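The next block holds one structure in the form of structure tokens; read it before the comments.
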Amino acid sequence: MPIALVDCNNFYVSCERVFNPKLEGKLVVVLSNNDGCAVARSSEVKALGIKMGEPWFKMKDIAKKHGIIAYSSNYTLYGDLSARVMSILSNFSPKQEIYSIDECFLDLNGFDPATLMAYAQKIRMTVKQSVGIPVCVGIADTKTLAKLANHCAKKLFAGNDGVCDFGMLTGIERSTLFARIPVGDVWGVGRRIAERLAVMGIHTVEDLRCADPELIRQQFSIVLERTVNELNGHPCIELDEVGTPRQQIMVSRSFGSPVMYLDDLAESVAYFTTLAAEKLRQDGSVASSLCVHVRTNPFSEREPQYQSSKIVALSQPTDNTTKLVKAALNGLNEIYRAGYRYKKSGVLLMALQPKGTIQPTLFDDPVEQAKSDNTMSVMDRINRKMGKGTLTIAASGITKRWAMRRESKSPCYTTEWSELPEVW
DNA sequence: ATGCTCCTGCGAA
DNA sequence: CTAACGTTCGCAGGAGCAT
């Protein structure tokens with residue numbers, strides 16, 4: 001029952017390189033929102049020892065010294081390229097689970113085990129040729145093992161051309177390999193759990209594989225017990241093909257610079273709510289309540305700190321931007337306190353359900369409902385065709401003094417005509 | 001005693 | 001010039017509450 005995990009290499013960096021081949025071989029990082037931390041690093045940058053999540057301002061000296069090129073993140077571009085990669089990959093298996101923006105599982109059940117390595121190479125070549133993104137492929141009998149195999153394809157076997165198939169290993173070879181990998185590299189084992197495992201003398205993947213599942217469940221959770229079983233080749237985590245609709249939708253951002261006044265905060269909350277509402281309608285869901293959240297900057301230790309949130313119930317489930325914004329602003333009014341320097345706000349849409357399943361009695365006025373649906377669908381269509389933010393509600397403001405910093409964003413090559421360089 | 005919701009911790013990318 | 005540290009999602013388990 002082989003499963004492949006296909007994962008893009010340094011995905012955001014690779015996206016930038018697709019449209020700017022001069023970046024090949026150079027030291028490149030992509031920064032998080034607000035140009036805060038490094039969230040993608042080229043292999044050359046990783047070799048310098050710069051860690052994932054490292055704050056940009058802390059590594060500026062090293063960056064200058066080595067000539068690191070930094071990009072602001074361009075999620076529009078990365079999302080579009082991701083969709084192209086996933087579409088190509090879907091041709092390689094009847095069952096695909098898109099796990100994140102840069103990786104997916106493929107069910108390879110029924111394929112001849114002896115041909116899987118070659119098949120994986122074909123996958124890599126096809127994606128590279130048609131989208132320009134390099135990927136690695138890990139193959140094994142469970143999702144946890146496939147993740148681990150992918151990790152090996154990337155890290156341990158530099159000479160193995162980006163593919164690793166655990167099906168090719170004997171039991172001894174596997175144990176020897178696992179004994180060289182720190183337990184923290186296993187899917188589902190983060191920093192905290194790794195620390196606690198270390199206390200128990202479990203340091204490597206092999207240690208965890210041989211641990212007593214019953215004990216692990218007792219000391220940790222059923223999740224980690226499943227991990228142990230999966231490491232032993234017993235599938236516990238199903239391939240999840242159907243994109244089960246989200247249970248909540250969150251939009252929040254740190255501000256480019258701190259905000260003091262309710263007006264600015266309200267603009268941001270209104271804007272984030274419109275973004276959340278767009279996602280909600282894309283999912284075909286409606287929300288029954290929402291949560292507004294604001295906070296000061298926890299890293300400014302000398303400043304007075306404040307954070308608060310408020311849950312607002314909606315009179316009936318809706319996907320209408322105007323109604324959601326009104327509710328969010330009501331909530332904001334209740335938690336706003338003057339005199340603080342706010343650094344972040346956010347909106348969480350909660351208690352989501354499929355739009356189709358709302359009880360008909362809730363549609364008291366079908367005419368109103370149809371009007372609302374029409375307005376929203378016109379807005380969505382215009383924004384999709386003419387670019388995000390073409391049509392917005394006034395409450396989200398024009399000036400956006402709080403807008404996030406994005407000092408070095410590349411053009412949205414695949415989605416914005418206006419951003420194409422003229423020479424093209 | 002049982003079942004529900006809410007909150008927190010943790011992990012992932 | 002200076003100051004500057006991400007976002008979004010799910011799951012499990014425990015606390016707290018109602019029945």
Side-chain angles (χ1 to χ4, degrees), chain A residues 5-13 29-41 50-61 63 70 72-73 75 78-79 82 97-105 143-144 147 150-151 154 183-197 216-227 236-237 240 243-258 272 275-276 279-280 283 288-289 291 293 295-303 309 311 313 341 343-352 404-407:
Chain A
L5 179 75
V6 185
D7 190 317
C8 302
N9 301 351
N10 320 326
F11 183 53
Y12 300 162
V13 169
V29 297
V30 173
L31 303 176
S32 65
N33 277 343
N34 240 354
D35 294 346
C37 308
V39 289
R41 305 152 295 157
I50 288 174
K51 277 177 286 184
M52 180 72 170
E54 181 91 348
W56 174 233
F57 76 91
K58 279 190 179 175
M59 56 189 241
K60 269 219 169 140
D61 284 345
S72 305
S73 44
Y75 284 106
Y78 310 151
S82 170
E97 174 187 339
I98 297 175
Y99 177 70
S100 74
I101 192 166
D102 77 330
E103 59 188 300
C104 75
F105 292 100
K143 287 167 81 170
T144 303
K147 291 276 286 185
N150 189 282
H151 180 263
K154 283 209 165 85
V183 73
D185 290 347
V186 172
W187 187 34
V189 180
R191 191 170 50 84
R192 311 289 181 117
I193 292 181
E195 281 170 17
R196 287 171 57 197
L197 285 170
I216 293 294
R217 177 188 193 138
Q218 213 181 79
Q219 300 281 315
F220 295 87
S221 68
I222 192 166
V223 181
L224 200 62
E225 183 192 18
R226 284 193 201 120
T227 301
C236 304
I237 310 173
D240 187 12
T244 32
R246 284 174 285 197
Q247 299 167 21
Q248 49 181 222
I249 292 173
M250 166 75 114
V251 176
S252 72
R253 298 273 186 284
S254 299
F255 303 137
S257 49
F272 299 157
L275 296 184
K279 294 188 189 183
L280 185 68
D283 282 10
S288 307
S289 66
C291 179
H293 179 255
R295 68 153 218 226
T296 52
N297 184 355
F299 293 102
S300 306
E301 284 169 13
R302 277 188 292 278
E303 279 188 46
S309 64
I311 296 176
R341 287 156 54 84
K343 182 63 176 171
K344 184 176 184 175
S345 73
V347 175
L348 177 65
L349 304 184
M350 306 189 308
L352 307 190
M404 65 182 179
R405 265 193 318 276
R406 289 215 287 181
E407 285 181 3

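Keep in mind that this is a model prediction, so the values were computed, not measured. So you know, we letter chains A, B, ... as the sequences are listed, proteins then strands, and number each from 1.
When the C1' atom of C:dC5 is taken as reference, atom CZ of A:Arg406 falls 18 Å away, rounded to whole Å. Residue A:Lys279 contributes atom NZ, which lies 10 Å from atom C1' of C:dC9 at whole-angstrom precision. Rounding to whole angstrom units, CD of residue A:Glu407 and P of C:dA3 are separated by 15 Å. For the pair A:Leu197 CG and B:dC10 C1', the computed distance is 13 Å after rounding to whole Å. Rounded to an integer number of Å, the gap from CG of A:Asp61 to P of C:dT2 is 14 Å. The distance from atom CG of A:Asn297 to atom C1' of C:dC5 is 8 Å, rounded to the nearest whole Å. Across the protein-nucleic acid pair, A:Ile98 atom CD1 and C:dC9 atom P stand 16 Å apart, rounded to whole Å. The separation between A:Asp240 atom CG and B:dA12 atom C1' is 15 Å, rounded to whole Å.
Across all strands, A:Arg217 comes closer than 4.0 Å to no nucleic acid atom at all (heavy-atom distances). Among the protein residues, A:Trp187 comes within range of the sugar-phosphate backbone only, with heavy atoms under 4.0 Å from sugar or phosphate atoms but none that close to a base. Residue A:Glu54 is out of contact with every strand shown, counting any heavy-atom pair closer than 4.0 Å. Among the atoms of the strands shown, none is found under 4.0 Å from any heavy atom of A:Val30. A:Ile249 comes within 4.0 angstrom of sugar-phosphate atoms only, judged by non-hydrogen atoms across all strands, and of no base.
Taking only side-chain nitrogens and oxygens, A:Arg226 comes nearer than 4.0 Å to OP1 or OP2 of C:dA12. Contact check, A:Arg253 against C:dT8: a side-chain N or O comes under 4.0 Å of OP1 or OP2. Under 4.0 angstrom from either OP1 or OP2 of C:dT7 there lies at least one side-chain N or O belonging to A:Ser254.
If you check C:dA4, C:dG10, C:dT8 against the side chain of A:Gln247, the one that comes closest is C:dG10. Listed nucleotides B:dA13, B:dC7, C:dT7 differ in distance to A:Lys344; the shortest reach to its side chain belongs to C:dT7. Taking only side-chain atoms of A:Pro55, from C-beta outward, the nucleotide of C:dC5, C:dT8, B:dA13 with the closest atom is C:dC5. The side chain of A:Tyr99 lies closest to B:dA12 when the candidates are C:dG6, C:dC5, B:dA12. Of the candidates C:dC9, C:dG6, C:dA4, C:dA4 carries the atom nearest the A:Lys60 side chain, counting heavy atoms from C-beta on. Checking C:dG6, C:dA4, C:dA12 against every side-chain atom of A:Val39, the shortest atom distance belongs to C:dG6. For A:Ser252, taking side-chain heavy atoms from C-beta onward, the closest of the listed nucleotides C:dT8, B:dC10, C:dG6 is C:dT8. In the set C:dT8, B:dA13, C:dA12, B:dA13 carries the atom at the smallest distance from any side-chain atom of A:Asp102. If you check B:dA12, C:dC9, C:dT7 against the side chain of A:Lys147, the one that comes closest is B:dA12. Distances from the side chain of A:Ser100 to the nucleotides C:dC5, B:dA13, C:dG6 place B:dA13 closest.
Ring geometry for A:Tyr75 versus A:Tyr12: interplanar angle over 60°, hence perpendicular rather than tilted (30 to 60°).
With sequence neighbours left out, A:Glu195 forms a salt bridge (Lys or Arg N to Asp or Glu O under 4.0 Å) with A:Arg191.
A salt bridge links A:Glu103 to A:Lys147: at least one charged side-chain nitrogen sits closer than 4.0 Å to a carboxylate oxygen. Ionic pairing of A:Arg246 and A:Asp283 is present here: one or more N-O contacts between side-chain nitrogen and carboxylate oxygen are shorter than 4.0 angstrom.
If you run side chain to side chain contact (heavy atoms under 4.5 Å, CB included) between A:Ser32 and each of A:Ser254, A:Cys37, A:Pro55, A:Ser72, only A:Cys37 comes through.
Annotation: C:dG6 and B:dG11 have their C1' atoms spaced 16 Å apart (nearest Å).
When the nearest nucleotides of DNA chain C are assigned to A:Asp35 and A:Val223 by heavy-atom distance, the more 5′-ward of the two goes with A:Asp35.
At distances below 3.5 Å, at least one donor-acceptor pair connects side-chain atoms of A:Ser73 with backbone N or O atoms of A:Leu31.
By the 6.0 Å and 45° rule, A:Lys143 stacks over the aromatic ring of A:Phe105.
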